[in-house]
*Asks:* 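Quick one: the structure is below, questions incoming.
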Amino acid sequence: MTALILLAAVLGPEQIARYKDHSILNEITSEEIEDLYQGYRYTLSSNEKLYLLSECLSRQVLPESELSAVTRVEADKGDVDYEGLLGTYAFVTNRQGPSDKEIADEEIFHICNQELAALKELGVLSESVREVDPSAYTAVLYSAIDVLEPQNNMAVWRVSLSTSQQNADKANRLIDAYIDADSGKIYSFYARTDALWSQVNPEEMIEAWGGYLGLTGREPYDSDSPLMETTSDFVKYRFPGMEEGSTVVTIGFYEGINEIFLKLV
């Protein structure tokens, strides 16, 4: 009995290994894996997403209001190429299109209207702001990427009032918005409204918007250079971001055209 036990202990593992090898060698097997770029999609907190998007947008020359944007520079229209990206953060057009876990092209305008309604109910936006009409708007999917840590990335839809229509009526309309391609939440916006700055309560507005996104750690922020804004009607706040970084959020208003904005840069 002892001899049999010793023999099994010596030869048993080898025989089992040979049996398993025989069952898989020269056999073709298939396994579903996520998309190449999905491999980089790690879960970020709301504060981290806000910080990442802010850092990426700050590297761009982006249209804001007609009063503050003279030039419009489009993002690189090539496919996402991590090795070819310059700088620490990049904001590039996502030519791959949304994954099956993200908001599809045909859904984005419906989601946008749904989230606008949520912001109106919270008091972040005036009820006068109209729903977006797909025929009057454009939607482009972007990838916001931390080039040095590419696992930190997110997909964002930018919904904008089309500039192809000359003399289009912009009263009470959404002008521009950045929307999370996963959750549909609106990170920033510019919108024409019938409200005046004197009727806006920035503290209540940032409280409601922060709760809507699930942000934490808000504190007031005094800008070192108020001349950076093209309007005197604004208030700034700061949220913790990644590591030691933070995100500055500005709520402001352009008098004359009655345009309220919430921006990250």
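Keep in mind that the numbers below use all heavy atoms, side chains included, and drop hydrogens, waters and symmetry copies.
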*Asks:* Is there a side-chain contact between Lys49 and Lys185 (heavy atoms, below 4.5 Å)?
*Replies:* no
*Asks:* If you take all heavy atoms of Leu174 and Ala177, which pair is closest and at what distance?
*Replies:*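 Shortest heavy-atom contact: CD2-CB, 3.9 Å.
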*Asks:* Please indicate whether Glu121 has more than 12 foreign heavy atoms, meaning atoms of other residues, nucleotides or ligands, lying under 6.0 Å from its CD.
*Replies:*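 12 or below, so no.
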*Asks:* Indicate whether any N or O donor in one side chain lies under 3.5 Å from an N or O acceptor in the other, for Asn47 and Ser45.
*Replies:*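 The criterion, which ignores hydrogens and geometry beyond distance, is not satisfied for Ser45 and Asn47.
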*Asks:* I want to check something: taking the side chain as every heavy atom from C-beta on, are Ile103 and Pro98 in contact at a cut-off of under 4.5 Å?
*Replies:* no
*Asks:* From the options Lys170, Arg173, Arg192, select the one residue that forms a side chain to side chain donor-acceptor pair (under 3.5 Å) with Glu259.
*Replies:* Arg192
*Asks:* Checking Asn113 now: which residues fulfil side-chain contact (heavy atoms from CB on, under 4.5 Å) with it, not counting sequence neighbours?
*Replies:* Leu116, Glu131, Val132
*Asks:* If you round to the nearest 0.5 Å, how far is CG of Leu262 from CZ of Phe189?
*Replies:* 5.0 Å
*Asks:* Is the backbone of Leu213 close enough, under 3.5 Å, to the side chain of Ser46 for a donor and an acceptor to pair up by distance?
*Replies:*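 Checked: pair present.
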*Asks:* Side chains of Thr230 and Tyr254: any donor to acceptor distance under 3.5 Å?
*Replies:*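 Checked: Tyr254/Thr230 side chains pair up, N/O donor to acceptor below 3.5 Å.
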*Asks:* Check whether any side-chain heavy atom of Thr250 sits under 4.5 Å from a side-chain heavy atom of Tyr221, and report yes or no.
*Replies:* no
*Asks:* By the salt bridge (Lys or Arg N to Asp or Glu O under 4.0 Å) test, which pairs, at least two apart or in different chains, include something from residues 194-212?
*Replies:*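 Salt bridge (Lys or Arg N to Asp or Glu O under 4.0 Å) check on residues 194-212 returns Glu203-Arg218, Glu207-Arg218.
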*Asks:* If you look at every heavy atom in Pro202 and Val200, which pair is closest and at what distance?
*Replies:* CD-O, 3.3 Å
*Asks:* So which atom in Gly217 and which in Pro240 form the shortest heavy-atom distance, rounded to 0.1 Å?
*Replies:* O-CD, 3.2 Å
*Asks:* Quickly, which of Leu196, Asp233, Thr231 forms a side chain to side chain contact (heavy atoms under 4.5 Å, CB included) with Glu255? Name it, please.
*Replies:* Asp233
*Asks:* Looking only at heavy atoms, which two atoms of Ser246 and Arg238 are closest? And how far apart?
*Replies:* OG-CD, 3.0 Å
*Asks:* Mind checking the CG-CE spacing from Leu53 to Met154? Nearest 0.5 Å is all I need.
*Replies:*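 Here the rounded value is 5.5 Å.
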*Asks:* May I have the step-by-step check of side-chain contact (heavy atoms from CB on, under 4.5 Å) for Met205 and Val235, ending in yes or no?
*Replies:* CA-CA 11 Å; Met205 184 175 171; Val235 181; over 6 Å; no
*Asks:* Do Val159 and Phe109 have side chains that approach each other closer than 4.5 Å (heavy atoms only, starting at C-beta)?
*Replies:*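 Val159 reaches Phe109 side chain to side chain.
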*Asks:* What is the distance from atom OG1 of Thr138 to atom CD1 of Ile108, rounded to the nearest 0.5 Å?
*Replies:*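 The OG1 atom of Thr138 sits 11.5 Å away from the CD1 atom of Ile108.
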*Asks:* Go through the structure and list residues passing ring pair (Phe, Tyr, Trp, His ring centres under 6.0 Å) with Tyr237, not counting sequence neighbours.
*Replies:*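 Tyr237: no ring pair (Phe, Tyr, Trp, His ring centres under 6.0 Å) contacts found.
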*Asks:* So, using side-chain hydrogen bond (donor to acceptor under 3.5 Å, both in side chains) as the criterion, who are the partners of Ser160 when residues are at least two apart?
*Replies:*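 Ser160 satisfies side-chain hydrogen bond (donor to acceptor under 3.5 Å, both in side chains) with Arg158, Asp176 once adjacent residues are dropped.
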*Asks:* Considering residues, nucleotides and ligands other than Glu243, do more than 12 of their heavy atoms fall under 6.0 Å from its CD?
*Replies:*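 No, the 6.0 Å shell around CD holds no more than 12 heavy atoms from other groups.
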*Asks:* Taking the six-membered ring for Trp and the single ring otherwise, decide whether the centroids of Tyr178 and Tyr187 are under 6.0 Å apart.
*Replies:*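 No.
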*Asks:* So, do Leu141 and Trp157 sit near enough that their side-chain heavy atoms are less than 4.5 Å apart?
*Replies:*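 The answer is yes; the side chains approach within 4.5 Å.
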*Asks:* Mind checking the CG-CG spacing from Asn172 to Asn258? Nearest 0.5 Å is all I need.
*Replies:*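 Rounded to the nearest 0.5 Å, the CG-CG separation comes out at 8.5 Å.
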*Asks:* Could you measure the distance from the CD1 atom of Ile111 to the CG atom of Asp180? Nearest 0.5 Å is fine.
*Replies:*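 Reported value, rounded in 0.5 Å steps: 11.0 Å.
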*Asks:* Can you classify the ring geometry of Phe239 versus Trp209 as parallel (below 30°), tilted (30 to 60°) or perpendicular (above 60°)?
*Replies:* perpendicular
*Asks:* How far does SG of Cys112 sit from CD1 of Ile179, to the nearest 0.5 angstrom?
*Replies:*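 Those atoms lie 4.0 Å apart.
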*Asks:* Going through the checks in order, is the side-chain contact (heavy atoms from CB on, under 4.5 Å) test met by Tyr89 and Leu57?
*Replies:* CA-CA 9 Å; Tyr89 294 91; Leu57 292 178; over 6 Å; no
*Asks:* List the steps and the verdict of side-chain contact (heavy atoms from CB on, under 4.5 Å) for Asn152 and Glu55.
*Replies:* CA-CA 12 Å; Asn152 296 330; Glu55 291 297 309; over 6 Å; no
*Asks:* Quick check: closest heavy atoms across Asp182 and Lys101, and the distance to 0.1 Å?
*Replies:*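 Result for this residue pair: OD1-O, 3.9 Å.
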*Asks:* Just jot down the side-chain contact (heavy atoms from CB on, under 4.5 Å) partners of Thr247, sequence neighbours excluded, or say none.
*Replies:*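 side-chain contact (heavy atoms from CB on, under 4.5 Å) check on Thr247 returns Leu50, Tyr51, Ser54, Val249.
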*Asks:* With sequence neighbours excluded, tell me which residues meet side-chain contact (heavy atoms from CB on, under 4.5 Å) with Ala104.
*Replies:*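 In terms of side-chain contact (heavy atoms from CB on, under 4.5 Å), with neighbours along the sequence ignored, Ala104 is linked to Glu106, Glu107.
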*Asks:* Kindly indicate, with the supporting measurements, whether the criterion side-chain contact (heavy atoms from CB on, under 4.5 Å) is fulfilled by Tyr212 and Glu115.
*Replies:* CA-CA 10 Å; Tyr212 160 80; Glu115 296 305 313; 2.6 Å; yes
*Asks:* Are Thr193 and Leu125 packed together at the side-chain level, in the sense that at least one heavy-atom pair is separated by less than 4.5 angstrom?
*Replies:* no
*Asks:* Do the non-hydrogen side-chain atoms of Met242 and Leu44 ever get within less than 4.5 Å of each other?
*Replies:* yes
